[in-house]
Amino acid sequence: MESEKKSLNFIEAIIKEDIESNKNGGRVHLRFPPEPNGYLHIGHAKSICLNFGLAEEYGGKCNLRFDDTNPVKEDVEYVDSIKEDIKWLGFKWDGEPKYASDYFGKLYEWAVKLIKEGKAYVDDQPQELISEQRGVPTRPGIESPYRNRSVEENLDLFERMKKGEFEDGSKVLRAKIDMSSPNMHMRDPIMYRILHAEHHRTGNEWCIYPMYDWAHGQSDYIEGITHSLCTLEFEIHRPLYDWFLDQIVEGDYRPRQIEFARLNLSYTVMSKRKLLQLVEEGIVNGWDDPRMPTISGLRRRGYTPESIRNFADRIGVAKRDNVIDVGLLEFSVREHLNKITDRMMAVLNPVKLIITNYPEGKVEDVELINNPEDENSASRKVPFSKVVYIERDDFMENPPKKFFRLGPGREVRLKGAYIVKCEDYKKDENGNITEIYCTYDPETKSGSGVSRKVKGTLHWVSAEHAINAEVRLYDRLFKDEDPAGHKDVDFKEFLNPESLKILKDCKLEPSLADAEPGDKFQFQRIGYFCVDKDSKPGNLVFNRTVPLRDSWAKKSK
RNA sequence: UGCCCGAUGGUGUAAUUGGCAACACGUCUGACUCUGGAUCAGAAGAGUCCAGGUUCGAGCCCUGGUCGGGCAACCA
C-alpha cells in the first residue's frame, strides 16, 4: 500500500543502510549535545529536529546530553533554558538528561589506560610552546621534549595533576599520535587541561577537565549512541574521533560521526558569541528579545513549535553551505498561524471616522466569524456605533486609482457592518487628518444580502468600546543580508534602527480585554500578533509576530 | 605549499541498481473573495562549475582542473 517512495536525505540513507545491514544490532540512537554556555537558537532547532526527528522516524532513541567539559564558560541557567526549549519544540529525550560530566570518572580511567599503553603523555610546556611546536597546516610539527617520558612518570604526573598539585596551565595530558600528520588535530591533541574552577555539577571534585575531542566520542560510546551528528566544522575531527574510539572500543558496537551543514539565515547573526554580545551590550532586551533568533526569542515573538518544525523540515539537510531566506521562516509561521488564530479587529494607527447619518447612541452587535479557515470556528459579537476608528493608512486625500480604500467620495465596506461613503474630512494645522466624515447605507448591512461591489473592506473598532493597548512592531534586527559576513565592518554597523517600533495608543475590539500572555491572534488585514509577557490586564501589550502578506505595500514601493 | 569537504533555477532540497532534471519558498499572470489575507489555476526561471573519458545513454561513474568553505583554543 506504500504510496510513493519518500526521498531520503543523506543521513536517512546511511541510517537505513545501517538498519538493513544490522549494524549495531539494528539500533538507532542519537543525541543532541549542546554545551550549556548560551541559549539555543534556530540553528540548534534544526539540529534538534534532525536528531529527535530521526529517532522518531526510525523507532530509535535520542538523548539530551550536555557537553559540559568547560566549567569556566558554562552555567545552570543555560541548562535550564535548553531543556525548556527542547520540550517546547515538542521533543522528549530518552531517559534523564545526560552530562559529559557524568563520565569524568570513566574518562579518567581510560586516560590512565592510554598512558599505560604508551599512547598518552604529560607535557610540561607552556601553551605558547605547544602551539608553536604544533606547526602549521602546510608544515609538520615537532615533537615535545616530554613526549617520551616513561609510563611510570606519566602515571605519577597525571595522578598529581588530578590531585591538584599543579597550577592551571602548567601541565596537560596529550595523546601520542603523530606530530607530522597533515591533519592538525592528530598532532598530539590535548586530552586534559588543569582548571581549578568550580563546575556547575561536579563542584570542586575535579581540577582537570577533558577536552571536547576526548570527551565526545567516549560519551557517545558510553551512551550507546549509533549515529553522532554534528556540524561540518567537525569533519576534520573525525579521524581523531575514530582514533580515540579505537583505543577503547570492545566488541562490535561503535558510534559513527556524521557531519551536516549548519543553518545560516539571511539578515541574521547566529554565532553564540555575537548573540551574547547583543545581550550584554543591551542592544536587545535579553536572550528572549523577540528580535533574537533564539528559540526563546522566537517563542516570545509568537512563533509556534509546529511552524519551526515545519521550517526545519522544509530546509532539509545536506553537506553544502547554505543561507536560507528568512522569508521561508516567516512563511512557515504564517502558514500555521493562518490556520489556528482568530481574526480580530485592531486599529494600530487610529483616526476617527464619524458616520453622520448613523443614530447617536445606537450600538449594534455585529457578528464576525472567528476564523474562516476553520470550519468549526465560532463567531462573536463586536459592537458597532456612530464613531469608529480606522487605520490612518486606509484613507488618502488624493488616492491613486489602484488604491482600493477610502478617499473623498469613495465607498468602502466596514468589515461585518455597512458600506460607507466618504463625504468630508478635517485636518489640523499640520495637515494631518483628524476626522473623516461618512454616510452609511443602512440597506447594506452584512448578512442582509444587500450589497454592491466596493473595492475595499476596512477593519474598524468602535471608539466608544475600544480598549487601548501597546503594540510592539518588530522587524528584522539587521539591514544587511549577511551582517557577519563583512571583513572590515563590524556586524553591529548593520543594525536596523527600526527593528522595534512601539505603538502606545492602539485601539482593540473589547473582546481582546482578557487576552493572556502567549495568546495568538490575527489582527485583521495587518498581521499575526501575540500577547507579550509584559502584558497586564488593563495594560495590554502585543508583539507583532509577522505581518500579513501585503500586495499593496509591495505594489506601492 | 598541505589536508578535509562541497558545487543542481534567485534561495533551499530531490532525482535510491546510470534512463525525459522534480518539489518548496520567492517572482509574475489570472480567478475568487466582506481581510489587497487565505484559497485556486497558470507562467517564467537550471540542462546540473569547467574540460576530457567510460557508456546506446552521465547530475549520478573515472581523470584533471576551477571556484567556495573548513582545519594551526589548554573552546565546543
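Labels below follow one simple rule: chain letters A, B, ... track the order of the sequence lines, proteins then strands, and each chain is numbered from 1.
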Who is the Watson-Crick or G-U wobble partner of B/G6, with both distances under 3.5 Å? B/C67
What nucleic acid atoms does A/Asp168 come within less than 4.0 Å of, heavy atoms only: base, sugar-phosphate, or nothing? nothing
Between B/U35, B/A76, B/C74, which nucleotide has the shortest distance from any of its atoms to the side chain of A/Ile190? B/C74
Which part of the nucleic acid does A/Val317 contact within heavy-atom distance under 4.0 Å: base, sugar-phosphate only, or nothing? sugar-phosphate
Let me know the distance between CG of A/Asp321 and C1' of B/G69, rounded to the nearest Å. 5 Å
Polar pairs (N or O, both sides) under 3.5 Å between protein and nucleotides 19-24 of chain B?
none

Report yes or no: does A/Asn9 contribute a side-chain atom to a donor-acceptor pair with the main-chain N or O of A/Val317 at less than 3.5 Å? no
Just to be sure I understand the rule, does A/Gln125 reach a base, reach only the sugar-phosphate, or reach nothing, if contact means heavy atoms closer than 4.0 Å? base
Among the nucleotides B/A72, B/C5, B/U13, which one has an atom lying closest to any side-chain atom of A/Asn322? B/U13
Scanning all shown strands, the Watson-Crick or wobble mate of B/A15 with both distances under 3.5 Å is none
Contact string for nucleotides 36-42 of chain B, one letter per nucleotide 5' to 3', B = base within protein heavy-atom range under 4.0 Å, S = sugar-phosphate only, - = neither, reads BBS----
In B/A41, glycosidic geometry as syn within 90° of 0 or anti otherwise: anti
Rounded to whole Å, how long is the line connecting atom CD of A/Glu20 with atom P of B/U16? 16 Å
Base-pairing assignment for B/C75 (Watson-Crick or G-U wobble, both under 3.5 Å): none
For A/Ser266, report the nucleic acid contact type (base, sugar-phosphate, nothing); a contact means any heavy atom under 4.0 Å. nothing
Between A/Asn371 and A/Arg343, is any side-chain donor less than 3.5 angstrom from a side-chain acceptor? yes
B/A15 versus B/A22 - spacing of their C1' atoms, nearest Å: 7 Å
Give me the one residue out of A/His237, A/Arg31, A/Gln257 that meets side chain to side chain donor-acceptor pair (under 3.5 Å) with A/His216. A/Arg31
So, A/Phe529 versus A/Phe542, ring centres under 6.0 angstrom or not? no
With a 3.5 angstrom cut-off on both distances, give the Watson-Crick or G-U wobble partner of B/G59, or none if there isn't one. none
Detail all sub-3.5 Å separations between protein N/O atoms and N/O atoms belonging to nucleotides 44-48 of chain B.
none

For B/U33, the Watson-Crick or wobble partner whose two distances fall under 3.5 Å: none
Under 4.0 angstrom between A/Arg139 side-chain N/O and B/C3 OP1 or OP2: no
Examine the base of B/U13 for any acceptor or donor lying under 3.5 Å from a partner atom in the side chain of A/Arg320, and report the outcome as yes or no. no
Rounding to an integer number of angstrom, what distance separates B/A43 and B/C23 when you compare their P atoms? 11 Å
Which part of the nucleic acid, if any, lies within reach of A/Gly327 when heavy atoms closer than 4.0 Å are counted: base, sugar-phosphate only, or nothing? nothing
Between A/Tyr528 and A/Phe523, is the side chain to side chain contact (heavy atoms under 4.5 Å, CB included) condition met? List the steps. CA-CA 6 Å; A/Tyr528 296 99; A/Phe523 286 173; over 6 Å; no
Specify the separation, in whole Å, of atom CD1 of A/Ile236 and atom P of B/C4. 8 Å
At under 4.0 Å between heavy atoms, what does A/Asn70 touch on the DNA or RNA strands: base, sugar-phosphate, or nothing? sugar-phosphate
A/Glu364 and A/Tyr418 side chains, donor-acceptor separation under 3.5 Å: yes
In whole Å, measure the gap between the C1' atoms of B/G47 and B/G9 for me. 10 Å
For nucleotides B/A46 and B/C4, find the distance between their C1' atoms and express it as a whole number of Å. 29 Å
Can you identify which nucleotide, out of B/U16, B/C75, B/A73, has its nearest atom closest to the A/Arg193 side chain? B/C75
Taking the six-membered ring for Trp, are A/Phe104 and A/Tyr209 ring centroids under 6.0 Å apart? yes
Is the phosphate of B/U27 approached by A/Lys554 (side-chain N or O, under 4.0 Å from OP1 or OP2)? yes
Checking side-chain polar atoms at under 3.5 Å, does A/Glu159 have a donor or acceptor matched by the opposite partner on A/Tyr108? no
Quote, to the nearest angstrom, the C1' distance that separates B/U33 from B/A38. 9 Å
Taking the six-membered ring for Trp, are A/Trp460 and A/Tyr389 ring centroids under 6.0 Å apart? no
So if I take every side-chain heavy atom of A/Met211 and compare against B/U35, B/A76, B/C4, which nucleotide ends up nearest? B/A76
Do A/Tyr192 and A/Phe158 make the cut of ring centroids closer than 6.0 angstrom? yes
Select base, sugar-phosphate, or nothing to describe what A/Gly447 touches, counting heavy atoms under 4.0 Å on all strands. base
Which part of the nucleic acid, if any, lies within contact of A/Val323, taking any heavy atom under 4.0 Å across all strands shown: a base, the sugar-phosphate backbone alone, or nothing? sugar-phosphate
Take the protein atom CZ of A/Phe260 and the nucleotide atom P of B/G12, then report the distance between them rounded to whole Å. 17 Å
Answer with base, sugar-phosphate or nothing: what part of the nucleic acid does A/Gln524 contact at a heavy-atom distance below 4.0 Å? base
A/Lys381 bridged to A/Asp365 by N-O distance under 4.0 Å: no
Among the nucleotides B/C5, B/U16, B/A14, whichever has the atom closest to the side chain of A/Ala318 is B/A14
Any base atoms under 4.0 Å from A/Thr69, or only sugar-phosphate, or nothing? Heavy atoms, all strands. sugar-phosphate
